[in-house]
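Below is one structure, written out as structure tokens; comments come after it.
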2 protein chains.
Amino acid sequence: MGTRDQLIDSTRELLWERGYVGTSPKAIQQRAGAGQGSMYHHFAGKKELALAAVRRSADALLAAADEQFRGPGTAVDRITAYLRREREVLKGCPIGRLTQDPDIVADPVLRAPVDETLTRLRARLTEVLDEGRAAGELPGTTDTAALAATIVAVLQGGYVLARAANAPEPFDQAVSGVLALLAAR
Amino acid sequence: MGTRDQLIDSTRELLWERGYVGTSPKAIQQRAGAGQGSMYHHFAGKKELALAAVRRSADALLAAADEQFRGPGTAVDRITAYLRREREVLKGCPIGRLTQDPDIVADPVLRAPVDETLTRLRARLTEVLDEGRAAGELPGTTDTAALAATIVAVLQGGYVLARAANAPEPFDQAVSGVLALLAAR
DNA sequence: GTCTATAAGATGATAGAC
DNA sequence: GTCTATCATCTTATAGAC
């Protein structure tokens, strides 16, 4: 792996751990084992590097989700698999957490990949729910787009609860709760 | 209002807007209209001031929630009122957002009030759901603690989706989705 | 491509006058 | 109580040698 890739991956890690405001170029360089000159040779600055890192994390997130959505079973089975998938709950979501970063949300260029990722995730989930509704798993009156937003919100909010408690249990409870509601339909 | 209170309230605003890592003592002083000496006279430093600010915001959050929970109507009515309450959605949750702050989560003293607030909120919501279950609004098999976690997660995650989109609609969708599930029981 | 040197400004606090 | 220095360190680069 080249230095450029090392820099991007180190930035991905640090953005996940500390956010944009909490991540300095120096910290990125140290983790990547690269000098200042090297970093500024490959990237114009912190913002451009962060953009490359966020895009790569976004692609990884959508690919991982799609793996569950394309899996076997009914629509509800696949959503259950997605929600129950093994996760590093206490680390939170590498994309969702960026919504709490003032410099990301304030900058249209930096916010764009975050917005696009969560919008696409909801859209993909809506498709799966549409399949389930067509198959009679869900009532014909189900607002699948709203339900998709609910499911993604449970994930994102579950991370918040788990990080507050410094324990994964609240996340698991939140997931169990929404799955119970879904199963009762 | 005294200088000390001004400092706390300015810190509350800045923690909400920019988080702990993104908030400097200087910014606090400027917003409060106080000098350095004044701030360090009233508080030992940034951490102590943040602690006072977080505690005050936590009290406000729990009081606001309880206002809805003690309101009129069935359990589901009151939960609906709580979720549909007017909120500054794009600002997010002043307490929940702190879970994305590495220096808050890493410090037991700073994390404690965040943990306690969300834990109490879930506990209070569990009580309301227990009433609803006892009244026959919810099935006797309902795991009220899990459902409470789900509802709080929908709120916290709804904020994440809204901030990513820079629009309140995803929040409203997420809330609608969980209320539809709840109503169908 | 990578390195070291340099720098203007911010950060988080301390010291001491008033 | 509040003010104005002062300070060591960090931040986010730029410059130029190698």
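Just so you know, these numbers use all the heavy atoms, side chains as well, and skip hydrogens, waters and symmetry mates. Chain letters run A, B, ... following the sequence lines, proteins first, then strands; residues in each count from 1.
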Mind checking ring pair (Phe, Tyr, Trp, His ring centres under 6.0 Å) for B:F43 and listing every partner two or more places apart, or none if nothing turns up?
-> none
Whole Å only: how far is the CZ atom of B:R4 from the P atom of D:dT2?
-> 12 Å
For the pair made of CD in A:Q30 and C1' in C:dC3, what is the distance, rounded to whole Å?
-> 15 Å
Hits for side chain to side chain donor-acceptor pair (under 3.5 Å) against B:T80, two or more places apart or cross-chain, chain-then-number order -> none
Could you run through nucleotides 5-18 of chain D and give me one letter per nucleotide, 5' to 3': B if any protein heavy atom sits under 4.0 Å from the base, S if only the sugar-phosphate is that close, - if neither?
-> B-----SSBB----
Atom pair distance, as rounded to whole Å: NE2 in B:H41 and P in C:dA13 = 17 Å
Which pairs, with at least one residue in residues 165-185 of chain A and sequence neighbours excluded, count as a ring pair (Phe, Tyr, Trp, His ring centres under 6.0 Å)?
-> A:Y159-A:F171
In whole Å, what is the span from the CG atom of B:D5 to the P atom of D:dG1?
-> 13 Å
Look at A:T3 and C:dT2 and indicate whether a side-chain polar atom (N or O) is within less than 4.0 Å of OP1 or OP2.
-> yes
Quick note, side-chain hydrogen bond (donor to acceptor under 3.5 Å, both in side chains) partners involving residues 43-65 of chain B, not counting sequence neighbours, are B:D5-B:R56, B:D9-B:R56, B:R12-B:S57, B:K47-B:D107
Separation of A:D103 atom CG from C:dA10 atom P, in whole Å?
-> 14 Å
N/O (side chain, B:H42) to phosphate O (OP1/OP2, D:dT2) under 4.0 Å | yes
In whole angstroms, the gap separating P of C:dG12 from CZ of B:F43 amounts to 16 Å
Ring pair (Phe, Tyr, Trp, His ring centres under 6.0 Å): pairs with one or both residues in residues 94-135 of chain B, sequence neighbours excluded = none
Check each of A:L62, A:L125, A:D115 against A:R120 using the side chain to side chain contact (heavy atoms under 4.5 Å, CB included) test, and report the only one that passes.
-> A:L62
